[in-house]
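For reference, the structure is listed below as structure tokens.
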Amino acid sequence: MKNKSLRALLPLVVVFAFLSCTTNSPQDVVLPQAKLVQNYAYQPEEMELADLINEYRVSKGLIPLQIINHISFKSEEHNEYMIAKNIVNHDLFEERSQNIIQLLGAVKVNENIAYNFSTPNSVLHAWLNSPGHKANIEGNFTHFGLSITVNSVTGSKYYTNMFMKR
């Protein structure tokens with residue numbers, strides 16, 4: 001008797017399982033509203049690096065970039081992610097980029113990262129000695145943001161510098 005009851009319930013369980021695993025169509029998906037961060041507390045080294053980047057750009061006949069707090073916040077988020085994962089990478093760049101496009105009207109977003117340089121000057125020189133990083137610094141951008149975050153356990157510095165063009 002018990003076996004017959006289970007067999008009778010099996011089709012219902014299968015139907016429920018299929019219905020509960022279906023995905024919503026794209027128009028049914030509700031994404032969290034991205035929020036513009038207006039305030040960012042810059043450390044002296046971050047402002048030094050921003051100034052160094054702009055001084056370099058001006059020395060090459062390029063316009064200085066305007067700093068945007070939201071981009072610096074997104075850069076800090078990425079530093080915290082890298083510290084938590086104990087890895088240096090560009091993971092989730094597409095999400096950061098899309099956030100900046102959506103909230104700030106960017107048409108182009110690029111990113112430089114670095115790890116364990118002791119000073120803003122040393123990280124800038126490393127980036128300038130790397131063709132890809134140098135191309136970002138010299139690129140056709142209008143705005144930028146950056147963050148230097150220290151791993152509280154190791155003392156290592158993580159750098160993220162994001163560039164944007166409107």
Side-chain angles (χ1 to χ4, degrees), residues 21 23-24 26-57 62-166:
C21 293
T23 59
N24 293 334
Q27 66 269 21
D28 294 336
V29 175
V30 178
L31 297 174
Q33 182 65 29
K35 192 174 188 181
L36 180 65
V37 175
Q38 306 254 353
N39 299 314
Y40 183 84
Y42 291 94
Q43 301 300 315
E45 280 192 319
E46 291 169 326
M47 292 311 300
E48 180 183 348
L49 181 55
D51 290 342
L52 287 169
I53 290 169
N54 273 332
E55 287 170 13
Y56 175 80
R57 285 180 58 86
L62 302 168
I63 64 163
L65 303 175
Q66 292 181 321
I67 200 160
I68 294 183
N69 293 341
H70 183 78
I71 300 173
S72 295
F73 176 79
K74 297 309 285 183
S75 297
E76 182 181 56
E77 277 186 338
H78 185 57
N79 285 344
E80 290 170 357
Y81 170 87
M82 291 189 295
I83 289 169
K85 297 286 186 181
N86 196 31
I87 192 165
V88 179
N89 61 34
H90 292 282
D91 282 2
L92 307 174
F93 172 72
E94 187 62 31
E95 286 84 349
R96 286 188 299 287
S97 175
Q98 287 302 313
N99 177 274
I100 290 167
I101 289 167
Q102 177 187 1
L103 291 177
L104 299 173
V107 296
K108 179 178 168 184
V109 178
N110 285 24
E111 171 178 89
N112 285 348
I113 61 170
Y115 163 75
N116 211 24
F117 288 89
S118 59
T119 66
N121 197 45
S122 63
V123 75
L124 177 63
H125 280 91
W127 281 338
L128 293 175
N129 286 320
S130 164
H133 295 102
K134 183 178 181 178
N136 285 339
I137 292 170
E138 294 180 353
N140 185 17
F141 297 103
T142 56
H143 299 82
F144 72 145
L146 55 87
S147 174
I148 303 170
T149 308
V150 177
N151 181 327
S152 62
V153 175
T154 66
S156 299
K157 293 180 183 177
Y158 289 74
Y159 298 78
T160 299
N161 180 201
M162 298 184 73
F163 301 89
M164 173 189 96
K165 179 180 180 174
R166 270 198 192 137

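- Judged by a 6.0 Å distance limit and a 45° cone about the ring axis, Lys108 is not positioned over the six-membered ring of Phe163.
- When every heavy atom of Ile148 is checked against every heavy atom of Pro120, the shortest pair comes out as CD1-CG, 4.5 Å.
- To the nearest 0.5 Å, atom NZ of residue Lys157 and atom CG of residue Asn151 are 12.5 Å apart.
- Considering only heavy atoms from C-beta on, Met82 comes within 4.5 Å of Ile113 through its side chain.
- Scanning all heavy atoms of the two residues, the minimum distance from Ser97 to Val109 falls at OG-CB, 3.5 Å.
- Considering only heavy atoms from C-beta on, Thr154 stays 4.5 Å or farther from Asn116 through its side chain.
- For His133 (side chain) and Ala114 (main-chain N/O), no donor-acceptor pair under 3.5 Å exists by modelled atom type.
- Of the inter-residue distances, the one linking Asn110 atom CG with Met164 atom CE reads 12.5 Å to the nearest 0.5 angstrom.
- Here the side chain of Arg96 pairs no donor or acceptor atom with the backbone of Glu111 at under 3.5 angstrom.
- For Tyr40 and Phe73, the ring centers are positioned 6.0 Å apart or more.
- Side-chain contact between Glu46 and Ser72 is absent, with no heavy atoms from C-beta onward closer than 4.5 Å.
- Rounded to the nearest 0.5 Å, atoms CG (Leu124) and CG (Asp51) are 11.5 Å apart.
- The number of heavy-atom neighbours closer than 6.0 Å to CD of Gln66, taken from other residues, nucleotides and ligands shown, is 12 or below.
- For NE2 of His125, the number of neighbouring non-hydrogen atoms (other residues, nucleotides, ligands) closer than 6.0 Å is 12 at most.
- Under the 3.5 Å distance criterion, the side-chain polar atoms of Asn54 are matched with a main-chain donor or acceptor of Leu65.
- To the nearest 0.5 angstrom, Glu94 atom CD is 11.5 Å from Asn99 atom CG.
- Between His90 and Phe93, the angle of the ring planes goes over 60°, which puts this pair in the perpendicular group of the 30/60° scheme.
- Of the options Asn136, Thr160, Asn161, a side chain to side chain donor-acceptor pair (under 3.5 Å) to Asn112 is made by Asn136 and by none of the others.
- Side-chain atoms of Ser122 come within 3.5 Å of backbone N or O of Thr119 as a donor-acceptor pair.
- The line from CE of Met47 to CG of Leu52 is 11.0 Å long, rounded to the nearest 0.5 Å.
- The aromatic rings of Phe117 and Tyr159 sit perpendicular to each other, their planes meeting at more than 60°, with 30° as the lower class boundary.
- At least one side-chain heavy atom of Lys165 sits less than 4.5 Å from a side-chain heavy atom of Asn140.
- With rounding to the nearest 0.5 angstrom, the CD1 atom of Ile68 is 11.0 Å from the OG atom of Ser75.
- Side-chain contact between Ile67 and Tyr42 is present, with at least one heavy-atom pair separated by less than 4.5 Å.
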Worksheet item: His70 and Leu104: side-chain contact (heavy atoms from CB on, under 4.5 Å), yes or no, with the steps?
Response: CA-CA 9 Å; His70 183 78; Leu104 299 173; 4.1 Å; yes
Fill in: side-chain contact (heavy atoms from CB on, under 4.5 Å) evaluation trace for Ile71 with Leu146
CA-CA 7 Å; Ile71 300 173; Leu146 55 87; over 6 Å; no
Discussion item. Walk me through whether Glu138 and Arg57 qualify under salt bridge (charged side-chain N to carboxylate O under 4.0 Å, His left out).
Written reply: CA-CA 6 Å; Glu138 294 180 353; Arg57 285 180 58 86; over 6 Å; no
